Amino acid sequence: MFYDHKEIEARWQRFWAENQTFRAVYPSEKPKYYALTMFPYPSGAGLHVGHPLGYIACDIYARFKRHQGYNVLQPMGYDSFGLPAEQYAIQTGQHPAVTTEANISRYREQLDAIGFSYDWSREVRTSRPRYYRWTQWVFMQLFDSWYNREADRAEPVSTLVERFEASGNQGVRAACDADTPEFSAGQWKAFSAAEKQRMLLKYRLTYLAEAEVNWCPELGTVLANDEVVNGVSERGGFPVVRKKMTQWSMRITAYAQRLLDGLQGIDWPQPLKDAQTNWIGRSQGASVTFKTQPGPGQEAFDIEVFTTRPDTIFGVSFMTLAPEHELVGKITTPEQKDEVEAYVVATARRSERERMADVKTVSGAFTGAYATHPLTGEAVPVWIGDYVLAGYGTGAVMSVPCGDQRDYDFARHFGIPIPNIFEGVSVEEEAYEDKQNAVIANSGFISGLGQKEAAMKVIEALEAKGLGKGTINYRLRDAVFSRQRYWGEPFPVYYDAEGLPHLIPEHCLPLELPGVEKYLPTETGEPPLGNATRWAWDTEAETVTENARIDHKTVFPLELNTMPGWAGSSQYFNRYMDPDNEQALVSSEAIGYWKDVDVYIGGSEHATGHLLYSRFWQKFMYDRGWVPTDEYARKLINQGMILGTSAFIHRKAGTQIYLSSGLAKGEQTEPIRVDANLVNASDEIDPEAIRKWQPQFAEAEFRTEGGVFKVDREVEKMSKSKYNVVNPDQICEEYGADALRLYEMFLGPLEQSKPWNTAGLSGVYGFLKKLWKLYHQGPDRSFEVLEGEPSAQNLKTLHKTIKKVTEDIQAFSFNTSVSSFMICVNELTAQHCRERAVLEPLAILIEPYAPHMAEELWHKLGHTTSIAHVPYPEFNPAFLVESTKEYPISFNGKVRFTMELPLDLSKEDIEAAVLADSRTGEQLQGRPPKKVIVVPGRIVNIVG
RNA sequence: GCCUCGGUGGCGGAAUUGGUAGACGCGCUGGAUUCAAAAUCCAGUGGUAGCAAUACCGUGUGGGUUCGAUUCCCACCCGAGGUACCA
């Protein structure tokens, strides 16, 4: 009986689906285990072998936990809102919902073919109204919340209104807009409804604000900084300009400290924690006010700066503002006006990336204005320079050239003095940036002090003068939450006659995306939803209605922006716990049981996007009492990237002649990528196949060497455009899902990026066949196991494997456990093992890796229910006890021979036995050994 | 520049955390089987020298600690990813 993977795999996949084998049980008495992989965006290209790497690892772990008796929740779904579907809709006019649906079907087929143990009854799709009603719901709760810094948590806006009514906003410590004015209870009560709304908006956790954004006219949308590459959009490569727009923002900065603190308690990879820590960018220092010295008829302005080195304040010899700083236009003197304006224009043309990347060129302009040093009273010239960014801190710095290299370079370039305020240090060549050893000099009352003490005293002095205070600054910005797109969640928001936002009633959710004729922005530059003719809110009927009925009395226009990609993924892990709940995002009972994600597997590229935003939402949900934990994933694993092997053929320059790899040397050729799937294991390709592949090669001439045509190979990121993708379907067809699963794991450590080479699959396929043979040693290779006692050798092999594989799974070291299985099967084959007492546990052991084969063998072994929930084999160390050890005997650290000695021998006896051996005498050539090191059970080393 | 990860045969990788470097697999070489091929099985396979026993070299480079270093320390080189004039 041969190993017919196709028939076996199809049969068990059907069995699992029909029996709902992997359904997560709720309620349940068993302990829970929640294994989650980041859900995919269903693109039109389908899955390639890079995608399932993390899925397979997660599935192995989930299956392992099932054997350990856990009630496992392993769901899957689709992050199905996104730009590609919208771009496709723009090109073809097809509704994104239609193409998304088709893509999901294809993904599902591919996922099913790999044999994942998902509970598909819990599937979520972020683009489904019954899912996104809860995304909209979270938005509404954020709108209805403010951050109470005293309690250090979010609270309903109603508690804020109570405070305002009682005592105004004095004494309210909240995360709010910087320009929030102070008001008393009386003033609050006197505010009109609109004024109250406007004021509350300054406190809400999601609020409208003018934000400078990366505007991409071509895409008609705003891009995140990380979506802009070299000044053009990552997708499509369109130009990007900076523009101010009114946007929904998320007050994530309120959570900066807690997002930082929360990292302590979760088992996430350190590099990922580092990335988030740097992104949040906490720095302690002081904010200092420099007052400008007004010219005749001018007013004085405050220039607010943040510095991490208040101790260097006496070293200030100039100030630098970002060219975009709002004061630039106000303080520049008439004489400097032309120069400054020219510089501002020049800077605006440079992308932020460009400005940052260019470290070498120093540029700037003098405004002609001076500010007063808050401690010395001296006049400090105010410059502008593009090394200061408007978006960070206050967009202005106090420049201390002797203590900061960038300030130093700037000062040098423009001939600004570089006063030295450090004891015993020369600043002739470069700035002195060492904080630890700095001793401050030439600095009045702080001369002679160290950095920390000096900083403290300066802050005290500034506070006394009312010109500064100690503060903590975060690099983290509030997150812009509006997208000028169609294919995203609509905001449950309408605008009144004053342009103020109002939520639609909660019971009206979901607010479904309207149909539109065109998916492009409108002619007037409004988002695609501006094309909808039925996109107004009737407050009386509580329903969406025709735009024509808008009267700003009972019928109002709805928000035209949609939510960004990360909205739908910020709570999906909780929704899986209770996916059909119509009353709540998740019931407190369900989340009380499932609680949080025990292991979360996904790419590190989401470090500062999804993984930060979702932590923010979770903390918010926790504050408001909807979830029991403020971190949703205890453990996180980053899987590495799979690289593809591209194939290149050589085209003789300027001709249609292609040369086999060996003939190309010394010739002028251009490398052309061809479909790597057409190349065989020996790097040969059939020219006919190339001709058929693309019409451009139909008439080409191919010069072979030795009758074959060879290609050159190169390893690079697996991608459709590089023609190096390997499709999992073909592999499942040819080698089977179990072989694919084993091979993906066998490739190398999960976290590392590694190249894909399909040729290696024959190795794991051969292993599966050997495994199969172990159970088919009867007449004519029929299935047969013996009921007798296994040999000590058999048991040793089995238990060695149980130990190793169990340890490996727990350490997420799947590559090494595949090796262990191979060694195990090789040994049992050599031992002619046929005993049930060994083969039955072996089937369970391998089930997480090769579930189809294991299920088949399990049923052949006489069982009628699935292997999935069978208890994991228990390791018995008694079978591994050894009585002797093959000791390596080394001389001066080099192993020369080995000796088999009893393990219970004492150090002295080992030494005696080794010294008595004739080979020891040969090695020492009569010299007495200087020293003998004996490590019992490990090694003997003789120094001679 | 900074942060993080990595560098071991022709290739993917392993090494019990300081104790026989190269497990396991691919590839390659030779052999068996076959009309032939596929598949399968057996043997070999880090480099250099040697018929061989064996010797020397060998985990990016250079130092160091140690009886002993792929593993620990110092300095550096290279590659990948992230991030930024973070004041």
Side-chain angles (χ1 to χ4, degrees), chain A residues 2 225-226 269-275 277-279 281-283 285 305-309 312 320 352-353 355-359 362 385-389 391-400 403-407 409-410 473-476 604-605 607-608 638 640-641 643 645 681-682 713 715 717 742-743 746-749 751-764 766-767 769-770 773 803-804 807 813 815-824 826 886-898 929-935 937-944:
Chain A
F2 82 108
N225 255 335
D226 46 295
Q270 194 56 43
L272 199 147
K273 287 188 182 181
D274 292 347
T277 303
N278 293 338
W279 189 264
R282 181 187 202 270
S283 53
V305 303
F306 176 76
T307 175
T308 53
R309 294 290 304 272
T312 62
T320 316
E352 194 157 302
R353 276 278 157 125
R355 271 169 70 180
M356 293 166 183
D358 187 6
V359 194
V362 177
D386 68 0
Y387 77 96
V388 176
L389 295 182
Y392 186 77
T394 58
V397 303
M398 58 174 225
S399 301
V400 184
D404 182 288
Q405 193 57 44
R406 295 177 316 269
D407 295 344
D409 294 340
F410 194 89
N473 192 44
Y474 297 93
R475 173 190 176 283
L476 186 71
S604 58
E605 66 271 24
T608 51
N638 285 133
M641 194 167 52
L643 309 169
T645 311
S682 309
R713 322 271 344 223
V715 172
K717 187 184 166 155
L742 281 169
Y743 188 57
F746 187 56
L747 230 42
E751 302 87 341
Q752 259 170 44
S753 65
K754 54 233 160 202
W756 180 268
N757 177 14
T758 303
L761 257 158
S762 65
V764 292
F767 158 75
K769 285 196 281 192
K770 279 190 220 167
K773 265 169 81 175
K803 181 171 192 283
K804 177 82 170 107
E807 285 169 1
S813 174
N815 54 325
T816 49
S817 44
V818 176
S819 300
S820 303
F821 282 126
M822 289 174 169
I823 294 166
C824 175
N826 288 347
E886 188 83 8
Y887 276 94
I889 313 300
S890 54
F891 293 81
N892 299 321
K894 287 183 180 174
V895 176
R896 295 301 175 185
F897 58 89
T898 59
K930 282 185 195 148
K931 198 174 176 184
V932 180
I933 290 112
V934 178
V935 186
R938 286 226 194 265
I939 201 169
V940 177
N941 188 23
I942 298 164
V943 188

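None of the values given here were measured: they were computed from a predicted structure.
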Using a 4.0 Å heavy-atom cut-off across all strands, classify [X] as base, sugar-phosphate, or nothing.
X	answer
A/Pro269	nothing
A/Ile823	sugar-phosphate
A/Glu886	base
A/Asn815	sugar-phosphate
A/Val935	base
A/Thr320	nothing
A/Lys894	sugar-phosphate
A/Arg282	nothing
A/Pro271	sugar-phosphate

[atom1] of [X] versus [atom2] of [N]: gap in Å, rounded?
X	N	atom1	atom2	value
A/Lys754	B/G12	NZ	P	13 Å
A/Asp274	B/C5	CG	P	8 Å
A/Leu272	B/C3	CG	P	18 Å
A/Leu747	B/C24	CG	P	18 Å
A/Asn473	B/A87	CG	P	8 Å
A/Lys770	B/C41	NZ	C1'	10 Å
A/Phe746	B/G25	CZ	C1'	4 Å
A/Gln752	B/A14	CD	P	7 Å

Does [N] pair with anything, Watson-Crick or G-U wobble, both distances under 3.5 Å, and if so, with which nucleotide?
N	result
B/A23	none
B/C72	B/G64
B/G18	none
B/U59	none
B/U54	B/A49
B/A36	none
B/G44	B/C28
B/G79	B/C5

Practice problem: For A/Ile933 and for A/Ser819, locate the closest nucleotide of RNA chain B by heavy-atom distance; then report the residue assigned to the nucleotide nearer the 5' terminus. | Solution: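 The residue whose closest nucleotide sits nearer the 5' end is A/Ser819.
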Quiz item: What is the distance from atom CD of A/Glu605 to atom CG of A/Leu272, rounded to the nearest 0.5 Å?
Solution: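 Taking CD in A/Glu605 and CG in A/Leu272, the distance rounds to 10.0 Å.
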Self-check item: Proximity to the side chain of A/Thr307 - top-ranked nucleotide from B/G27, B/C67, B/A87
Solution: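 My answer, after comparing the listed nucleotides, is B/A87.
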Side-chain N or O of [X] versus OP1/OP2 of [N]: is the shortest distance under 4.0 Å?
X	N	value
A/Asn826	B/A23	no
A/Arg406	B/C86	yes
A/Arg896	B/A55	yes

Using the [atom1] atom in both, what is the distance from [N] to [M], to the nearest Å?
N	M	atom1	value
B/G64	B/A69	P	12 Å
B/U71	B/C56	C1'	24 Å
B/A21	B/C28	P	30 Å

Exercise. Using side-chain contact (heavy atoms from CB on, under 4.5 Å) as the criterion, point out the one residue from A/Val935, A/Asn941, A/Val940 that pairs with A/Arg938.
Key: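 For A/Arg938, the side-chain contact (heavy atoms from CB on, under 4.5 Å) test succeeds with only one of A/Val935, A/Asn941, A/Val940, which is A/Val935.
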Exercise. Mind telling me whether A/Tyr743 and A/Trp756 have parallel, tilted or perpendicular rings, with 30° and 60° as the class edges?
Key: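 Ring orientation, 0 to 90° scale: perpendicular.
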